[in-house]
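Naming convention: chains lettered A, B, ... in sequence-line order (proteins, then strands); numbering from 1 in each chain.
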Amino acid sequence: MSVGLQRLRDDAPAIRQGAIDKGEDPSIVDAALAADVRRRELLAEGDRLKAERNTASKSIGEAIRAGADANGPETAALKARSTEAGERIAAIDAELATVEATVDDLLLRIPNPADLDVPIGGEEANVTIREWGAQLPRIQPLSGEVGADALPDAPSWERRAHWDVAAGLGIFDLERGAKIAGSGFPVYRGLGSALQRALISWFLDVHTRENGFTEIWPPAVVNAASARGTGQIPDKEDQMYVVGRDDLYLVPTAEVPVTNLHRDEIFEATELPVRYAAYSPCFRREAGAAGKDTRGILRVHQFDKVEMVLFERPEASAAALEWMTGRAEDLLQRLGLAYRVLLMATREMGFTQGRKYDIEVWAPGVERWLEVSSCSNFRDYQARRMAVRYRPEPGGRPELVHTLNGSGLALPRVVAAIIETFQNPDGSVVVPDVLQPYLGRAELRPPG
RNA sequence: GGAGAGGUGGCAGAGCGGUCGAAUGCGGCGGUCUUGAAAACCGCAGAGGGUGCAAGCCUUCCCUGGGUUCGAAUCCCAGCCUCUCCGCCA
């Protein structure tokens with residue numbers, strides 16, 4: 001935490017501006033700085049008194065060993081000196097404890113400044129930096145060319161939304177999901193369930209066999225220290241499901257348990273980078289999002305995701321973010337889904353990120369771009385909270401690592417895009433080539 | 001859930017309430033020796049914070065949090081975790 005203070009002292013204007021750019025309160029920076037001044041005053045005085053007490057206590061021990069009476073008058077004088085120092089130490093430590101709690105709390109509320117080249121602003125300031133694939137129209141001719149070449153009066157068909165197609169196929173059961181758990185807890189059945197497994201397996205297979213990730217299967221709950229480490233507490237606390245009785249949090253993403261794997265640890269430089277790929281269910285309360293995307297599976301309280309998590313040397317993290325984003329894009333290309341990559345503007349980023357790319361797939365049935373991946377470089381922000389360090393040189397001083405993570409990929413919207421992109425006029429859906437071995441079939445059709 | 005044992009540095013493992021940030025072994029780093037390596041020998045080696053240009057000095061940390069004491073790794077209390085046995089159970 002105090003490495004953060006160091007940066008705060010050295011670079012307060014940039015941190016302040018970073019908070020403003022992200023739409024956060026910059027006055028917290030000054031409050032933290034002021035509290036830090038008081039903290040150091042108390043620390044200096046407390047340390048001085050502790051040194052005094054230590055020497056006094058030590059001389060008591062020496063006197064006794066030299067033959068003095070442990071309860072005699074000469075030791076009593078020494079004890080009085082030590083006791084007096086002890087009382088003042090107690091008072092100072094008490095104030096120090098409250099001041100440090102204040103500093104820690106304030107530090108947790110100062111956001112990570114965005115990289116200097118990140119556009120400043122809200123959604124309108126996001127920059128599309130890449131697009132891939134054809135953005136299919138909702139209405140298209142039954143045969144022949146798609147697009148401008150199509151004849152105006154030719155017979156056409158209309159793509160349906162994924163929930164309509166899924167209803168025909170019998171692969172979702174949203175109503176019964178609502179009955180047994182609540183709205184936003186989808187049930188997948190039959191080939192819908194198999195499609196979930198297929199996607200998870202294929203994603204993990206690509207990451208582990210081709211991309212060099214180590215697979216992790218994490219717990220679905222974490223403790224408060226882990227939630228704080230990755231920044232869910234205090235920033236996004238109300239987005240998490242809490243198991244109050246046991247003081248546990250349902251994970252909103254595998255990022256939380258997997259990044260915390262190395263909390264309070266020191267890597268050797270030769271161990272980096274560390275690359276993990278982890279499947280987990282993800283639980284999100286989506287508080288404040290009521291009424292948005294209520295149809296289908298575009299916004300749900302529980303979904304499945306494969307997450308990529310990297311621990312990197314600072315000088316390598318920028319390139320690692322590009323690489324990791326590329327790994328997520330590769331999955332979409334091999335599925336045959338059109339997508340675009342956005343560099344997110346400052347107010348569209350989270351509290352903890354230095355740079356973030358969102359990847360959105362085109363869903364031609366609902367005619368919308370759907371976010372399926374978010375790839376971020378946290379630089380040393382999470383590492384500081386979690387005390388994850390590495391030794392640049394053997395035997396050298398530890399320094400903070402950089403952490404990154406990105407979805408690779410989140411399932412529901414990929415499923416929606418697959419259904420809407422590869423649906424046929426008769427209601428069947430073609431299975432992408434890469435998934436056919438996992439599903440054991442080339443298309444989804446209604447049973448019977 | 002019940003009963004017992006235990007949590008010390010990268011690992012293993014000592015540690016009468018004062019001289020313990022902590023013996024010893026392994027591992028690590030540097031060196032001697034060697035054509036090179038191994039072995040042997042010598043030496044260095046924890047983390048955080050404060051202060052200082054720096055060398056350094058001071059301070060905290062022996063699971064966590066309280067307490068007793070002039071002084072706690074060592075004593076007391078609570079919690080967490082691990083192991084063994086019993087019970088229950090996918």
Mind checking A/Leu43 for me? I need base, sugar-phosphate or nothing, with any heavy atom below 4.0 Å counting as a touch.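 If one applies the 4.0 Å heavy-atom cut-off, A/Leu43 turns out to touch the sugar-phosphate alone, with no base involved.
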Do A/Phe422 and A/Val431 make a side-chain contact, defined as non-hydrogen atoms from C-beta onward lying under 4.5 Å apart?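 Counting from C-beta outward, A/Phe422 and A/Val431 never come under 4.5 Å.
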[N] to [M] separation - [atom1] atoms, rounded to the nearest Å:
N: B/G65; M: B/U8; atom1: P; value: 16 Å
N: B/G1; M: B/A12; atom1: P; value: 28 Å
N: B/C80; M: B/C63; atom1: C1'; value: 8 Å
N: B/A23; M: B/A73; atom1: P; value: 15 Å
N: B/U60; M: B/U19; atom1: P; value: 12 Å
N: B/G31; M: B/A45; atom1: P; value: 16 Å

My understanding is that only residues two or more places apart in sequence, or in another chain, count here; which of them pass salt bridge (Lys or Arg N to Asp or Glu O under 4.0 Å) with A/Glu271?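 With neighbours one apart ignored, the set is empty.
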Not counting sequence neighbours, which residues clear salt bridge (Lys or Arg N to Asp or Glu O under 4.0 Å) with A/Arg347? List them please. none
Between [N] atom [atom2] and [X] atom [atom1], what is the distance in whole Å?
X: A/Leu5; N: B/G48; atom1: CG; atom2: P; value: 15 Å
X: A/Asn223; N: B/U64; atom1: CG; atom2: P; value: 16 Å
X: A/Glu393; N: B/G28; atom1: CD; atom2: P; value: 18 Å
X: A/Ile89; N: B/C58; atom1: CD1; atom2: P; value: 16 Å
X: A/Asp247; N: B/G79; atom1: CG; atom2: P; value: 15 Å

With sequence neighbours excluded, residues passing side chain to side chain contact (heavy atoms under 4.5 Å, CB included) with A/Asp238: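 Partners of A/Asp238 under the side chain to side chain contact (heavy atoms under 4.5 Å, CB included) test: A/Arg285.
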By side chain to side chain contact (heavy atoms under 4.5 Å, CB included), which residues pair with A/Asn112, not counting sequence neighbours?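 Counting only residues at least two positions away or on another chain, A/Asn112 forms a side chain to side chain contact (heavy atoms under 4.5 Å, CB included) with A/Arg7, A/Lys22, A/Tyr381.
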State whether the number of non-hydrogen atoms from other residues, nucleotides or ligands found under 6.0 Å of A/Arg334 atom CZ is greater than 12.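 Yes, because the 6.0 Å sphere around CZ of A/Arg334 holds more than 12 heavy atoms from other groups.
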Partner nucleotide, any strand, of B/A23 [Watson-Crick/G-U, under 3.5 Å]: none
B/A5 - base-pair partner by Watson-Crick or wobble geometry, distances under 3.5 Å: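 Per the H-bond distance test, B/U82.
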Between A/Trp323 and A/Phe213, does the ring centroid distance fall short of 6.0 Å? yes
I want to know whether A/His262 and A/Tyr390 have ring centres closer than 6.0 Å. no
Polar atoms only, N or O, under 3.5 Å: list the protein pairs with nucleotides 44-47 of chain B and their distances.
from, atom 1, to, atom 2, distance (Å)
B/A47, OP1, A/Arg391, NH1, 3.0
B/A47, OP2, A/Arg397, NH1, 3.4
B/A47, O3', A/Arg389, NH2, 3.2
B/A47, O2', A/Arg389, NH2, 3.2

Most 5' of A/Thr83 and A/Gly61 on RNA chain B, judged by nearest nucleotide: A/Gly61
Got a list of protein N/O to nucleotides 59-61 of chain B N/O distances below 3.5 Å?
from, atom 1, to, atom 2, distance (Å)
B/U59, OP1, A/Asn54, ND2, 3.2
B/U59, O2', A/Asp47, OD1, 3.1

Which of parallel (below 30°), tilted (30 to 60°) and perpendicular (above 60°) describes A/Phe311 and A/Phe267?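 Ring orientation of A/Phe311 relative to A/Phe267: tilted.
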A/Tyr279-A/Asp304 side chain donor-acceptor pair, cut-off 3.5 Å: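 There is such a pair between these side chains.
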